[in-house]
Amino acid sequence: MSFKSVLIVVVLILVAFGAGYGLGYWKLQMAEKQWAAAKEEMQTKITSMEKELAMARAREKLWEMPEMLSGVRSHLAEKNFGLAAQTLDGIKETFLASLNSLGEEVKTRFDFFLPALEEAKRETESMGVNATKKIEEVKQLFEQALRPAKKE
């Protein structure tokens, strides 16, 4: 074999490797673009699902409120006014945390709750005889406001 033949074979091998490398690089670039698009789509779906989960948890907390208010009523029946006041504070914190995840329409439906809860708490702290009645009124109002939320 002559030097010219060896040189042609080497050049052909280099061209073949170069073409293979170029084709592989192009496929890699295309795959990276597809991966980036799929990643962005999944991130959008994850964000949407996280928002839905936060709203579902907030609604679940709202549905637990009447039961929590019943617990306050039980504390009042046992003349445990301090624990009843603490429970009311917990209810307020839970409600405020839930409120951040809910829409404006739901928020406006429960505008009455915090002032009514504060009034019930004042009555409880003063060990008033109407504390149980106030808690029952707040619970009934809350349950009435909660019913339309079930349809959402």
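Here the structure is a predicted model, which means the values were calculated and not measured.
Applying the ring pair (Phe, Tyr, Trp, His ring centres under 6.0 Å) test to F95 and every residue at least two apart in sequence or in another chain returns F113.
In plain terms, the two heavy atoms of D111 and P115 that are nearest each other are O-CD, 3.4 Å.
Rounded to the nearest 0.5 Å, atoms CD (E52) and CZ (R57) are 13.0 Å apart. In this structure, the separation between NZ on K51 and CD1 on I46 is 13.5 Å, given to the nearest 0.5 Å. In this structure, M30 CE and W26 CH2 are separated by 5.5 Å, a value rounded to the nearest 0.5 Å. The distance from the CZ atom of F142 to the CG atom of L117 is 9.5 Å, given to the nearest 0.5 Å.
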Contacts under 3.5 angstrom, residues 68-92 side chains, donor-acceptor by atom type, not counting sequence neighbours:
| residue | atom | partner | partner atom | Å |
| --- | --- | --- | --- | --- |
| S70 | OG | P66 | O | 3.1 |
| S70 | OG | K139 | NZ | 2.8 |
| R73 | NH1 | E136 | OE1 | 2.1 |
| S74 | OG | S70 | O | 3.2 |
| N80 | OD1 | L83 | N | 3.4 |
| T87 | OG1 | L83 | O | 2.8 |
| D89 | OD1 | K121 | NZ | 2.6 |
| D89 | OD2 | K121 | NZ | 3.3 |
| K92 | NZ | E118 | OE2 | 2.9 |

**Request:** Take E64 and K61 through the salt bridge (Lys or Arg N to Asp or Glu O under 4.0 Å) test and state the conclusion after the steps.
**Result:** CA-CA 5 Å; E64 292 172 358; K61 291 294 180 191; 3.7 Å; yes
**Request:** Apply the test side chain to side chain donor-acceptor pair (under 3.5 Å) to residues T44 and T47: give CA-CA distance (whole Å), side-chain angles for both, the deciding distance (0.1 Å), then the verdict.
**Result:** CA-CA 5 Å; T44 303; T47 302; over 6 Å; no
**Request:** Quick one: do L102 and F110 satisfy side-chain contact (heavy atoms from CB on, under 4.5 Å)? Show the steps, please.
**Result:** CA-CA 11 Å; L102 298 172; F110 291 100; 5.7 Å; no
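In terms of hydrophobic clustering, with Ile, Leu, Val, Met, Phe, Trp and Tyr side chains grouped at heavy-atom distances under 4.5 Å, L96 and F112 are assigned to a common cluster.
Residues Q43 and E40 are not in side-chain contact: their nearest non-hydrogen atoms beyond the backbone lie 4.5 Å or more apart.
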